[in-house]
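Since the structure comes first, as structure tokens, the remarks are kept for the end.
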Number of protein chains: 2
Amino acid sequence: MADVARQAGVSVATVSKVVNNKDGISPSRVAHVRQVIADLGYEASLGAQSLRSGRSGVVGMLVAEFEPFSTELLKGAALAIRAHEYELLAYSGKGMSGDRLGWERRHISRLSGTLIDGAIIVTPSGVDDRFPTPVVAIDPHLGTSTLPTVKCDSYGGALEATAYLLSLGHRRIGFLGGRADLQSSKDREAGFRAAMADAGISVDADLIDEGGYQPDLSISPTRKILTLPADKRPTAIFAANDLSAIKVIEVAESLGLRVPDDISVIGFDNVPEAALFRIPLTTMAQPLQEMGARAMDMLCDLLAGNDVVKNVTMPTTLVERASCAPPAGHIPEDDS
Amino acid sequence: MADVARQAGVSVATVSKVVNNKDGISPSRVAHVRQVIADLGYEASLGAQSLRSGRSGVVGMLVAEFEPFSTELLKGAALAIRAHEYELLAYSGKGMSGDRLGWERRHISRLSGTLIDGAIIVTPSGVDDRFPTPVVAIDPHLGTSTLPTVKCDSYGGALEATAYLLSLGHRRIGFLGGRADLQSSKDREAGFRAAMADAGISVDADLIDEGGYQPDLSISPTRKILTLPADKRPTAIFAANDLSAIKVIEVAESLGLRVPDDISVIGFDNVPEAALFRIPLTTMAQPLQEMGARAMDMLCDLLAGNDVVKNVTMPTTLVERASCAPPAGHIPEDDS
DNA sequence: ATGAAAGCGCTAACAG
DNA sequence: CTGTTAGCGCTTTCAT
């Protein structure tokens, strides 16, 4: 900016006013300064600007990793932000080894005040909710009470997914849970258990395990469930998210089981990979992009000082594709 | 920081030294200040810090959009950065309507100096190469001469992809090109033409069109090619990237053509979607994550003041899946 | 209509 | 060892 001022023969204050479209500068000077700015390719430094003015016009989205789930959310948020006068930057939790818990708090503290005016955190690692800047959480942690949150109806979705499997005729149904510290994971297991209870079926503890929402962590528990003796082995598995479900299918096939002939698999999320998978995955869809968009709208409302609904729960939808079928030898009931 | 200083009964300079692990502070004071910092949950402001010190410890990755291609690159870059003492943030080009060309230059100017120490730009929209900070380009623009770049061997890959189709027995092969302003797109078309020329087959102009690397833009040109009279219609199509190839398959099926029985389709990139697609896509793989990682390593080298190889070209690999087969009625040649 | 000066939160030089 | 001082690039009074 000093360069621009010198080159244009004016003070930095004048340049600043031109840059910020303040009035009180003669039109001829404005034009001249604009010209010099263009010639020099000058752009105001975001950091300095917001250090001084206390506003950056940028909001951050913190994700632990760039995987399909957070990427869909990101797409939705990026789409929604067009309607607002903010820019979006995504920050990934990087190594964050050692300080797993609450890394988002530390990062937000560091970024807020000079870099971002607010943030969206995806599947937070901790309950921390005292942030120095407006924050909206998507798929919140257990007990994240005071933060505005966006989530899907995990309980209802799990209930419906399980009911669907039951309606197909399955009775021995396995459940591969998510990350124990997340609300969504708890709700999905609760929904599963409720549906089973409603059907009067007791759930065998051997058929329930946890994959942490991660493919890698899902292999061993899945193998354990699928290598049970044939009479104890489930005819269907409900995986708490799509990436786990896909891994379940891969493990099943590696064990010589055909999907859906020998075993049905239903997922949760409906990430793009679910539809594209070789055996198109039947799954409970979350409106991921809408959720990202909704969170962004809420954040912008918060930033505008408006009141916002604190907790938004979006509906899930059953998407029937090819990974589920009635169990082998099942005769459908005749309702006529 | 002022709060911390007051609370700890020391000067801000002392706090700064503690924060930055400078020596010259008595161990007892260090411990005390550390305690206060922890109590207050204080984190230094990135903007102010780097405004003063001229270094932020953060590098940016600028992408036009979060789609599979850039996301894979992002994953690779995120992985590679763990070995360096930098953090990664991703910036998406947002609306960038109106100023399509060179938006990355404007953003980088704004971010550099206070926010990022360097950047990776993905499929840049312009030839601009005068950046105020170290920059590495992935999949560069035509004529981006002075910037260090990372790309794959698009020419060789296209040559091999086309040769593969020819080896299957195809003779009428269509080509759906990418974004005309990118080096990769030009190279892929050149590779395609070279392979056809090598085989002594003249390419029909009706069979060549452009999809801009985008599914949406690929629909109409694909339909035009596939609705040619049966004797002019190609038996195979080479699409310049996977997302276009998938769209080609969808259009083909909507026209009643079966893939690969009636028409073979080969893509380029090998994004995750290619493997997951209902008809697993045969494609020329780029080592996307490695490319992202390589670009990050180059950038970090640049930042360290080391010399770097200016232009890295990574090899491509044919990945045979299910979307290609010999043309109908083709009798394979007997080489015995 | 314009510029001088103060200060945002921080670090680096220098004094003590 | 510790505090004082200056100033990074910018915006914002407040004089002129």
Side-chain angles (χ1 to χ4, degrees), chain A residues 1-34 36-37 40-58 87 106-117 132-133, chain B residues 1-34 36-37 40-58 87 106-117 132-133:
Chain A
M1 169 168 280
D3 297 333
V4 176
R6 199 177 315 111
Q7 178 86 16
V10 298
S11 71
V12 291
T14 301
V15 177
S16 172
K17 282 165 191 156
V18 171
V19 167
N20 296 292
N21 298 310
K22 305 276 183 191
D23 44 30
I25 307 289
S26 70
S28 62
R29 267 192 186 292
V30 171
H32 180 225
V33 172
R34 285 243 161 77
V36 174
I37 287 178
L40 267 49
Y42 166 81
E43 290 289 335
S45 156
L46 217 212
Q49 226 169 8
S50 69
L51 175 58
R52 184 59 239 243
S53 63
R55 183 182 189 283
S56 67
V58 175
E87 305 246 40
R106 290 198 17 260
H107 281 268
I108 290 181
S109 298
R110 229 170 122 55
L111 301 179
S112 72
T114 40
L115 227 170
I116 57 175
D117 296 338
T133 194
Chain B
M1 170 166 279
D3 297 333
V4 176
R6 198 176 317 110
Q7 178 86 15
V10 299
S11 72
V12 291
T14 301
V15 177
S16 171
K17 282 165 192 156
V18 170
V19 166
N20 296 291
N21 298 311
K22 305 277 184 190
D23 42 32
I25 309 289
S26 69
S28 63
R29 266 193 187 293
V30 170
H32 181 223
V33 172
R34 284 243 161 77
V36 174
I37 286 177
L40 267 47
Y42 166 82
E43 289 288 336
S45 154
L46 218 211
Q49 225 169 8
S50 70
L51 175 58
R52 183 60 240 246
S53 64
R55 182 181 189 284
S56 68
V58 175
E87 305 246 39
R106 290 198 16 262
H107 282 273
I108 289 180
S109 298
R110 230 169 120 55
L111 301 179
S112 73
T114 41
L115 223 172
I116 57 175
D117 296 338
T133 195

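Each chain gets a letter, A, B and so on, in the order the sequences are listed, and its residues count up from 1. Just so you know, these numbers use all the heavy atoms, side chains as well, and skip hydrogens, waters and symmetry mates. Values in this document were obtained by computation on a predicted structure and should not be read as measured data.
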How far does CG of B:Leu111 sit from CD of A:Glu87, to the nearest 0.5 angstrom?
-> 8.5 Å

Using a heavy-atom cut-off of under 4.0 Å over every strand shown, decide if B:Val19 touches base, sugar-phosphate, or nothing.
-> nothing

Test item: B:Ser56 side-chain N/O and B:Thr114 main-chain N/O as donor-acceptor pair under 3.5 Å = no

Under 3.5 Å, is there a donor-acceptor pair between the side chain of B:Arg110 and the main chain of A:Ala44?
-> yes

Find the distance B:Leu111:CG to D:dG9:C1' and express it as a whole number of Å.
-> 15 Å

Would you jot down, in residue-number order, the residues of residues 24-34 of chain A having a non-hydrogen atom under 4.0 Å from DNA chain C?
-> A:Gly24, A:Ile25, A:Ser26, A:Arg29

Shortest non-hydrogen contact from A:Ser112 to A:Ser109?
-> OG-O, 3.4 Å

Can you give the first and last nucleotides of DNA chain C, 5' to 3', that have an atom under 4.0 Å from a heavy atom of chain B?
-> C:dG9 to C:dA13

Nearest-nucleotide 5' precedence on DNA chain D, A:Lys17 against A:Glu43 | A:Glu43

Side-chain donor or acceptor of A:Arg55 paired with backbone N/O of A:Ser50 under 3.5 Å | no

OG1 of A:Thr14 to CD1 of A:Ile25, rounded to nearest 0.5 Å, is 4.5 Å

Validation row: B:Asn20, B:Gln49 side chains within 4.5 angstrom (heavy atoms) | yes

What does the inter-axis angle of the helix from C:dA1-D:dT16 to C:dG16-D:dC1 come out as, five pairs per end, nearest 10 degrees?
-> 50°

Please name the pair of heavy atoms, one in A:Pro132 and one in A:Ile108, separated by the smallest distance, quoted to 0.1 Å.
-> CD-CG2, 4.3 Å

Taking OP1 and OP2 of D:dC1, is either one under 4.0 Å from a side-chain nitrogen or oxygen of B:Lys22?
-> no

Starting from C1' on D:dT12, measure out to CE on A:Met1 and report it in whole angstrom.
-> 12 Å

A:Asn21 has an atom CG; how far is it from atom P of D:dT12, in whole Å?
-> 13 Å

When every non-hydrogen atom of A:Val58 is compared with those of A:Leu115, the smallest separation belongs to CB-O, 3.4 Å

Separation of B:Glu43 CD from B:Met1 CE (nearest 0.5 Å) = 11.0 Å

Is the shortest side-chain N/O distance from A:Gln49 to OP1 or OP2 of D:dT11 below 4.0 Å?
-> yes

Could you give the distance from OG (B:Ser45) to CG (B:Leu51), rounded to the nearest 0.5 Å?
-> 9.0 Å

When the nearest nucleotide of DNA chain D is assigned to B:Arg52 and to B:Asp23 on a heavy-atom basis, which residue is associated with the more 5' position?
-> B:Asp23

